[in-house]
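Numbering of ligands and ligand atoms starts at 1, following listing order. Note that the structure is a prediction, hence the values are computed from the model and not measured. We're numbering straight along the sequence, starting at 1.
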Amino acid sequence: MDTASTNDTLAPVGGHVSRAPRALATEAVHAGRDDLARQGLHAPPIDLSTTYPSYDSRAEAARVDAFAADGADPAGPPVYGRLGNPTVARFEAALARLEGTGAAVAFASGMAALTAVLLARAAAGLRHVVAVRPLYGCSDHLLDAGLLGTQVTWTDPAGITDALRPDTGLVLVESPANPTLAELDLRAVAHACGTVPLLADNTFATPVLQRPAELGARLVLHSATKYLGGHGDVLGGVVACDEEFAGQLRKIRFATGGVLHPLAGYLLLRGLATLPVRVRAASATAAELAHRLTGDPRVARVHYPRLGGAMIAFEVYDDPHEVISRVRLITPAVSLGSVDTLIQHPASISHRVVDEEDRRGAGVSDRLLRLSVGLEDTDDLWADLDRALGVL
Ligand SMILES: *Cc1c(COP(=O)(O)O)cnc(C)c1O
């Protein structure tokens, strides 16, 4: 599995390099802010405008036409909040640089982002999706229930090529996957997809640990609600991809309205600045907790990715509901990627919407607990886990 170290320099995959590539830690702090000093600003401005004045409606018409053609960001001043927002655009530019793609398009949530991708493919007549379980519960549900008129073929990585059809518009995978942390060889998966776009949900790894576009994924999706925001106070989603696909996504976003609020765009941009530091610190703690859990007789099995990261899944012998009820420092809550540590029972919450048999088939056992490790002290977290695990 390819990983990105602190010293790796970033360059857009197949894109244009506008200046000397900078390291991820530098981009995390500076990307999307290049113009600020020139404007005499330090913090990025928040533009809450829903609409923008223009005395030249002919020029406005030309810009709307240009947008309708290929979804490219209209030149000149913004037109309307659903078409684009300058604060959100800063977050998009920054995330694209971190993922090494030509563009990124932000949405109201991770599910709104996935919806836009599926609608963009369906609009091209490509309604069939090939997907590998496990996926985040709602992503599984969205595909399996056919809510958007898509058809899904579930397969394992080795079966992807055989599952492709002439109307296959997308291959969808997560690695490490929610909630089992199962890892895929993304490069091999991308190869198996041939010309069909691969979407890799990179919510768990973040660009700090893995940049799927460098491994061949055309689309990289994030629930920005998780690590990108990082503080449990903003919902958002984003797709990093090439400019051509980004244009299609902007058109879908304009037509269906799943836009990211500018305040959320501001918070997500702010979150990116500390992303590398947060992910590395939480990962170090998670690695130590995974080690302690592995040696514990109350724990049946521990899942911790080779890639590293701040998520741990583990199976307990005790009733998992009892374990959840006993935490005090750790917050018993769904979601992940926050500064504080969260624990939840996937079979009850995050993956409840997945059919029971499919859920178990994907390795999500009823004894599995998912821990999102935050920035607290390792020993304090262990003391809480130790108590919560109960007596043997
Ligand atoms: C949470 C999550 C999503 C959905 O994102 P929302 O922001 O909650 O809509 C998608 N994929 C993964 C892996 C997630 O963890």
Side-chain angles (χ1 to χ4, degrees), residues 88 91 95 99 104-119 129 131-145 147-148 170-184 186 198-207 209-210 212 217 219-240 249 253 256-261 264-265 267-268 271 279 282 303 305 307 309-313 333-338 342-346 349-354 359 362-364 368-373:
V88 171
F91 164 63
L95 195 270
E99 285 290 2
V105 186
F107 294 89
S109 68
M111 293 316 298
L114 179 57
T115 295
V117 172
L118 295 172
L119 289 177
V129 177
V132 177
R133 280 189 166 120
L135 295 177
Y136 168 64
C138 275
S139 303
D140 188 311
H141 176 62
L142 182 62
L143 292 172
D144 212 51
L147 293 179
L148 297 170
L170 193 72
V171 176
L172 177 55
V173 302
E174 282 178 19
S175 182
N178 188 351
T180 62
L181 306 174
E183 289 174 279
L184 299 173
L186 285 180
L198 169 64
L199 184 153
D201 186 326
N202 204 31
T203 299
F204 273 36
T206 82
L209 299 177
Q210 167 178 273
L219 303 154
V220 181
L221 184 137
H222 282 274
S223 167
T225 313
K226 315 294 169 54
Y227 288 102
L228 305 189
H231 294 73
D233 56 5
V234 54
L235 278 172
V238 63
V239 180
L249 292 176
R253 184 178 62 181
T256 60
V259 292
L260 186 70
H261 191 273
L267 288 170
L268 291 176
V279 168
H303 308 252
L307 189 68
M311 299 298 299
I312 305 171
V334 73
S335 197
L336 58 114
S338 185
L342 309 177
I343 194 166
Q344 65 112 13
H345 181 231
I349 313 182
S350 65
H351 290 69
R352 189 71 188 170
V353 289
V354 180
R359 188 168 69 220
V364 186
L368 189 80
L369 290 166
R370 192 190 72 187
L371 186 71
S372 167
V373 178

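Heavy atoms of Ala112 come nearer than 4.0 angstrom to ligand 1 in no pair at all.
At the shortest separation from atom 9 (O) of ligand 1 among protein heavy atoms lies Met111 N, 2.9 Å. Closest to atom 4 (C) of ligand 1, if we only count protein heavy atoms, is Tyr136 CE2, 3.4 Å. Counting only heavy atoms of the protein, atom 7 (O) of ligand 1 lies nearest to Thr225 OG1, 2.7 Å. Taking atom 8 (O) of ligand 1 as the reference point, the nearest protein heavy-atom neighbour is Ser223 OG, 4.0 Å. Scanning all protein heavy atoms for the shortest distance to atom 1 (C) of ligand 1 gives Lys226 NZ, 1.5 Å.
Within ligand 1, counting atoms from 1 as listed, the ones closer than 4.0 Å to a heavy atom of Gly236 are 7 (O). Under a 4.0 Å criterion applied to the non-hydrogen atoms of Glu174, ligand 1 contributes the atoms 13 (C). Counting atoms of ligand 1 from 1 in the listed order, those under 4.0 Å from a heavy atom of Asp201 are 10 (C), 11 (N), 12 (C), 13 (C).
For Leu336, no nitrogen or oxygen atom sits less than 3.5 Å from a nitrogen or oxygen atom of ligand 1, counting backbone and side chain alike. Backbone and side-chain nitrogen or oxygen atoms of Ser139 are examined, and none is located within less than 3.5 angstrom of a nitrogen or oxygen of ligand 1.
Here the closest non-hydrogen pair linking Glu99 and Ala240 is CB-CB, 3.9 Å.
Within the 4.5 Å cutoff, the side chain of His141 has heavy atoms near those of the Leu147 side chain. Taking 4.5 Å as the limit, every side-chain heavy atom of Glu174 sits out of range of all side-chain heavy atoms of Phe204. A 4.5 Å side-chain heavy-atom check between Leu135 and Asp201 finds every atom pair outside the cut-off. Using a 4.5 Å heavy-atom cutoff, the side chains of Gln344 and Ser350 are in contact. Using a 4.5 Å heavy-atom cutoff, the side chains of Asn178 and His351 are in contact.
Note: Leu119 CG to Leu249 CG = 10.0 Å, rounded to the nearest 0.5 Å. Going from atom CG of Leu118 over to atom CE of Met111 covers 8.0 Å, rounded to the nearest 0.5 Å.
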